[in-house]
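Only one structure is covered here, and it is reproduced in the block below.
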2 protein chains.
Amino acid sequence: MSRWKPDAHGRLMGAAIELFDERGYDATTVAEIAERAGLTKRTFFRYFSDKREVLFSGADQLQRLWLEGIAGAPADATPLAVVTAGLDPVAEMFTERHEFAQIRARIIEANPELQERELIKLQNLAGAVERALVERGVSANAALLAAQSGVTVFHVAFAHWVEQDDPTAFRRLIAKSLADLRSLTAA
Amino acid sequence: MSRWKPDAHGRLMGAAIELFDERGYDATTVAEIAERAGLTKRTFFRYFSDKREVLFSGADQLQRLWLEGIAGAPADATPLAVVTAGLDPVAEMFTERHEFAQIRARIIEANPELQERELIKLQNLAGAVERALVERGVSANAALLAAQSGVTVFHVAFAHWVEQDDPTAFRRLIAKSLADLRSLTAA
DNA sequence: CCGTTGGATGACACTCAGTGACATGACGAT
DNA sequence: ATCGTCATGTCACTGAGTGTCATCCAACGG
């Protein structure tokens with residue numbers, strides 16, 4: 001057919017975001033996304049395992065950054081401190097994607113199916129963080145709960161960050177969420 | 001057609017569990033479940049919003065029991081203590097369903113789709129617990145994090161309870177999970 | 001005894017997500 | 001020029017989920 005075009009993955013993501021934003025997730029078919037990207041439905045599924053995944057392919061990068069951050073944390077820090085300190089590189093990257101994150105959040109907020117996918121991505125993240133902690137020598141139980149708590153802190157902070165308009169507020173919101181967690185488990 | 005039979009909901013659940021256990025979730029079609037229950041695919045979807053939901057209709061009862069337990073907690077307890085104390089009625093009910101829970105857990109463990117649904121049910125639970133705390137006068141932020149943490153404690157304890165063979169161990173596992181959480185956030 | 005009404009179910013056609021198998025066309029290497 | 005490979009297209013198919021209408025059955029009032 002016509003000549004090969006680059007960045008099919010990116011074109012599909014862009015087309016999907018546009019259409020979801022215009023008509024909503026449910027009212028958009030995979031065939032329509034593919035058509036706007038100049039491709040076919042079959043090719044869409046070569047790049048994304050399912051329709052939802054087009055909104056979640058950034059999760060890999062988030063996980064990589066977080067694990068790098070954890071690896072760079074001081075050796076004598078407590079498990080939970082390691083986990084939250086590891087969010088520094090993540091905060092940096094998010095700063096530049098605030099608007100995209102807001103659009104994406106609006107789409108996800110309107111769809112239970114997408115919320116399910118978001119939660120399992122978070123859970124996978126927690127599993128990866130947990131393994132990273134165990135490799136640092138943290139006990140299995142502490143690693144599990146620190147990872148879960150750390151992801152909860154991240155999730156709460158992220159939700160607030162998306163709701164407000166300052167792209168640079170991420171680090172501050174993480175600190176606040178962590179402080180809140182500490183204060184209520186201290187008693 | 002043939003005579004009307006009672007408890008269509010229960011028959012569909014039973015047929016589904018049997019088939020999922022025999023052949024696995026993916027290899028079972030809704031039409032097959034309905035056929036074993038003496039019904040049609042269309043009727044299945046009148047009782048369950050989708051195929052997964054047949055494994056999660058117990059979540060409503062869990063939520064109800066937990067909220068009752070929270071309502072019965074001492075007025076001067078800390079938010080997290082209120083939440084975990086509220087699990088007493090839940091522990092009681094689970095004691096009688098240990099075997100069912102084990103079969104169900106095996107099915108869910110083998111299927112990412114089902115894990116997604118499980119997580120969102122947990123999240124909905126957290127939302128309900130959070131609202132219950134707010135109604136008790138807990139601040140919005142403390143309620144959010146106490147509910148999230150409480151559900152995490154529940155989730156961890158539940159996973160351990162399913163893995164082992166003592167149906168009565170639930171309360172003890174909750175206490176242990178809570179103690180672990182406290183010890184790692186105290187530092 | 002009969003007609004009516006309402007709730008539960010069946011029948012059927014339809015859309016759309018997702019997959020498997022195979023074809024095609026561009027491109028680089030030899 | 002030919003070969004192989006990679007990205008994509010084509011097509012047929014399964015199965016989830018829905019809208020719509022038909023049918024059956026029990027309860028109820030006259």
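Numbers restart at 1 for each chain; the letters A, B, ... are given by sequence-line order, proteins then strands. Bear in mind the structure is a predicted one, so any value in this text is a computation, not a measurement.
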OP1 or OP2 of [N] sitting under 4.0 Å from any side-chain N/O of [X]?
X: A:T40; N: D:dG9; answer: yes
X: A:Y47; N: D:dT8; answer: yes
X: B:T29; N: D:dT14; answer: no

Check the distance between [N]'s [atom2] and [X]'s [atom1] and give it to me in whole angstrom.
X: B:D26; N: D:dT14; atom1: CG; atom2: P; result: 17 Å
X: B:F45; N: C:dC12; atom1: CZ; atom2: C1'; result: 15 Å
X: B:D50; N: C:dA17; atom1: CG; atom2: P; result: 16 Å
X: A:L114; N: C:dA17; atom1: CG; atom2: C1'; result: 14 Å
X: B:D7; N: C:dT9; atom1: CG; atom2: P; result: 10 Å
X: A:E32; N: C:dC16; atom1: CD; atom2: P; result: 8 Å
X: B:R46; N: D:dG19; atom1: CZ; atom2: P; result: 11 Å
X: A:Y25; N: C:dC16; atom1: OH; atom2: C1'; result: 11 Å

(message) Any donor-acceptor pair under 3.5 Å linking the side-chain atoms of B:E116 with those of A:Q123?
(response) no

(message) Under a 3.5 Å threshold, yes or no: a donor from one side chain and an acceptor from the other, between B:T168 and B:D166?
(response) yes

(message) If you go through the side-chain atoms of A:K41, does one of them form a donor-acceptor pair with the base of C:dG18 closer than 3.5 Å?
(response) yes

(request) Taking the six-membered ring of B:Y25 (Phe, Tyr or Trp), confirm whether the NZ or CZ of B:R52 is under 6.0 Å from its centre and within 45° of its axis. (result) no

(request) Run the salt-bridge test on B:E53 and B:K121 with the 4.0 Å N-O cut-off and return the result as yes or no. (result) yes

(message) Under 4.0 Å between a side-chain nitrogen and a carboxylate oxygen: does that hold for A:D60 and A:R64?
(response) no

(request) Identify which nucleotide among D:dT20, C:dG20, C:dT9 has an atom closest to any side-chain atom of B:A8, counting heavy atoms from C-beta outward. (result) C:dT9

(request) Output the single nucleotide from C:dG18, C:dA8, C:dG10 whose closest atom is nearest the side chain of A:K51. (result) C:dG18

(message) Classify A:F44 by what it touches in the nucleic acid, base, sugar-phosphate, or nothing, heavy-atom distance under 4.0 Å.
(response) nothing

(request) Find which nucleotide of DNA chain C each of A:V30 and A:R42 is nearest to by heavy atoms, and output the residue with the more 5' nucleotide. (result) A:V30

